[in-house]
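Written below as structure tokens is the structure these notes are about.
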Amino acid sequence: MKKSEVPQDDSALNNVSREMCYAQNESGEYETALSKGWNVKKEALDLAWEDVNVRIESAKKEVLENRKSPIYYYMESKLMDFVILSGYTGIWKWKIKRHLKPSVFNSLPNKVLSKYAKAFEITIDELKQVI
Amino acid sequence: MKSAFEHIQSAHCENGVTTSLLKHNGVDFITEPLAFGIGSGLFYIHVPFLKINNGPAIAFRTMPGAIFSRTCKSLGIKIQKIKFKDELAAQHFLDDKLAQNIPVGCQVGVFHLTYFPKEYRFHFNAHNLIVFGRLNDNFLISDPVMESTTELSVYDLNRARFAKGPLAPKGHIYFPENVKDVCIEIVKKAIVKGIKRNVRDMLSIPGNIAGVKGIRYTSKKIRSWRTKLGPKVAGLYLGQIVRMQEEIGTGGGGFRFIYAAFLQQSAQILEDQRLLEISNDFSKSGDLWRLAATKMAGIFKGRNTTQEAYDEIADIYLKIYELEKNAFIKLKKLKLT
């Protein structure tokens, strides 16, 4: 990449920081250059977020229709999967999957609920509902 | 309490932490490309069956932590690396080091780094930053990918140091110790060792998923994704590759430009002009990686979603495979000593 080709497109990092990259000057030597962003990257990041938002919306729908417990919604909205949520709560994956059933969720003691609430950085009251 | 620590911005976080900590300890010659190359940072691996964020597991660099350890070791510098079970113990250790004016490297999870825009905060646990001081309830942070220093609250830093999930940092803290003068002969030796280890990693790992052969493996996969996964999931997979290759910290072209810069600097230090030609190969390779990324964006943004578009990318990958294979064979044949 030539220094003159270092992209300066819009990105989510705008006003926060520019990114350092390595590019060649006119005599072919490598120098560092700062880039504001690159459209190709922005499109990849946008795509990832479109996917995340679809997942969150569909999780919300399932919870509101009482097919899944709110844990499912918060797991998706905090970009977690079962492995990550298991790490934060210390609860086994298969147990978490069981806790996604509304009937099981409704009978969970506060002790277990508080583990989920802590993982999602919300209160137990917030955990019990999806807005 | 504020130490006379100097923030240095870099392309990649672990290179940057390594460079900054060594510079702080008087190793003046060190640059990001040298740290990356001496630590044999360039790599490629496509782990089959494993999914990260619901996409393919591909890496363009060596495993986290390796660059710091290898670079220090090759330069004859002792390091301390500690992981913790207990959050409080981890914080006390950090406070102790800061009280002694010792800036330290920490492995952290990006999800909890409040100074990043939300768009970048995924659960990625192999990020690295330097903590160089404490101001009341805030730690002073030098994150190498940022233009300037920043701060994190005690709560946020603890959360980041004990992020959970794959590659969980477990409070991992590291720093060089008792740094002595590094003479030019040691630097030369370290460069040669770094190159040789990189030749081995890219050419000689058995199987077909690691090193240059991994690039060929991905090429084959990309060709099949459209039919096998359907256009939507295939598009998400390509998007993930672009992010792994270009997102904060690769210096562009999946670290290939940093490696090209390393070979240029090495040519000068080793007084060996042959390295310049091979550096050009990596510049070309980096350009091809970026071309492939541009074509991928064309697919996942719906500009061209035909099988031919997938084939075109797969063909670029084969070109990269040939180019990098030959470049590393050339490096091997130099018989550097």
Residue, of [options], that accumulates the most heavy atom pairs under 4.5 Å with chain A:
options                            : answer
G165(B), P117(B), G298(B)          : P117(B)
I258(B), D287(B), N125(B), L236(B) : L236(B)
A260(B), S148(B), S279(B)          : A260(B)
P144(B), A163(B), G16(B), G252(B)  : A163(B)
K284(B), H112(B), M296(B)          : H112(B)
Q265(B), R159(B), Q245(B), E32(B)  : R159(B)

Under 3.5 Å, is there a donor-acceptor pair between the [X] and [Y] side chains?
X       : Y       : value
D156(B) : S153(B) : yes
N128(B) : H12(B)  : no
N25(A)  : E31(A)  : yes
R161(B) : H172(B) : no

Distance, nearest 0.5 Å, that separates [atom1] of [X] from [atom2] of [Y]:
X       : Y       : atom1 : atom2 : result
R303(B) : T305(B) : CZ    : OG1   : 11.5 Å
K42(A)  : D46(A)  : NZ    : CG    : 4.0 Å
L140(B) : L152(B) : CG    : CG    : 10.0 Å
D281(B) : R256(B) : CG    : CZ    : 13.0 Å
K51(B)  : Q240(B) : NZ    : CD    : 9.5 Å
T114(B) : Y155(B) : OG1   : OH    : 11.0 Å

> After noting the C-alpha distance and the side-chain angles of W225(B) and I222(B), does the key distance pass the side chain to side chain contact (heavy atoms under 4.5 Å, CB included) rule?
Replying inline: CA-CA 5 Å; W225(B) 279 348; I222(B) 290 174; 3.9 Å; yes

> When only heavy atoms count and the cut-off is under 4.5 Å, which of residues 69-96 of chain A reach chain B?
Replying inline: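 K78(A), L79(A), M80(A), V83(A), I84(A), G87(A), Y88(A), listed by number.
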
>> For residues 118-126 of chain A, give me every residue with a non-hydrogen atom less than 4.5 Å from any non-hydrogen atom of chain B.
In response: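 Under the 4.5 Å heavy-atom cut-off, K118(A), A119(A), E121(A) qualify.
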
> Where does E29(A) contact chain B at under 4.5 Å (heavy atoms): side chain, backbone, both or neither?
Replying inline: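 When you check distances to chain B, atoms from both the backbone and side chain of E29(A) fall under 4.5 Å.
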
Proximal component of [X], with respect to chain A [non-hydrogen, under 4.5 Å]:
X       : answer
Q9(B)   : both
Y115(B) : backbone
A293(B) : both

>> Parallel, tilted or perpendicular: which one describes the rings of W289(B) and Y317(B), with boundaries at 30° and 60°?
In response: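 If you compare the ring of W289(B) with that of Y317(B), the planes turn out perpendicular.
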
> For the residue pair F122(B) and W49(A), does the interplanar ring angle fall in the parallel (under 30°), tilted (30 to 60°) or perpendicular (over 60°) class?
Replying inline: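 If you compare the ring of F122(B) with that of W49(A), the planes turn out tilted.
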
>> Taking the side chain as everything from C-beta on, heavy atoms only, tell me whether V242(B) gets closer than 4.5 Å to E247(B).
In response: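 In short, these two side chains do not touch, never coming nearer than 4.5 Å.
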
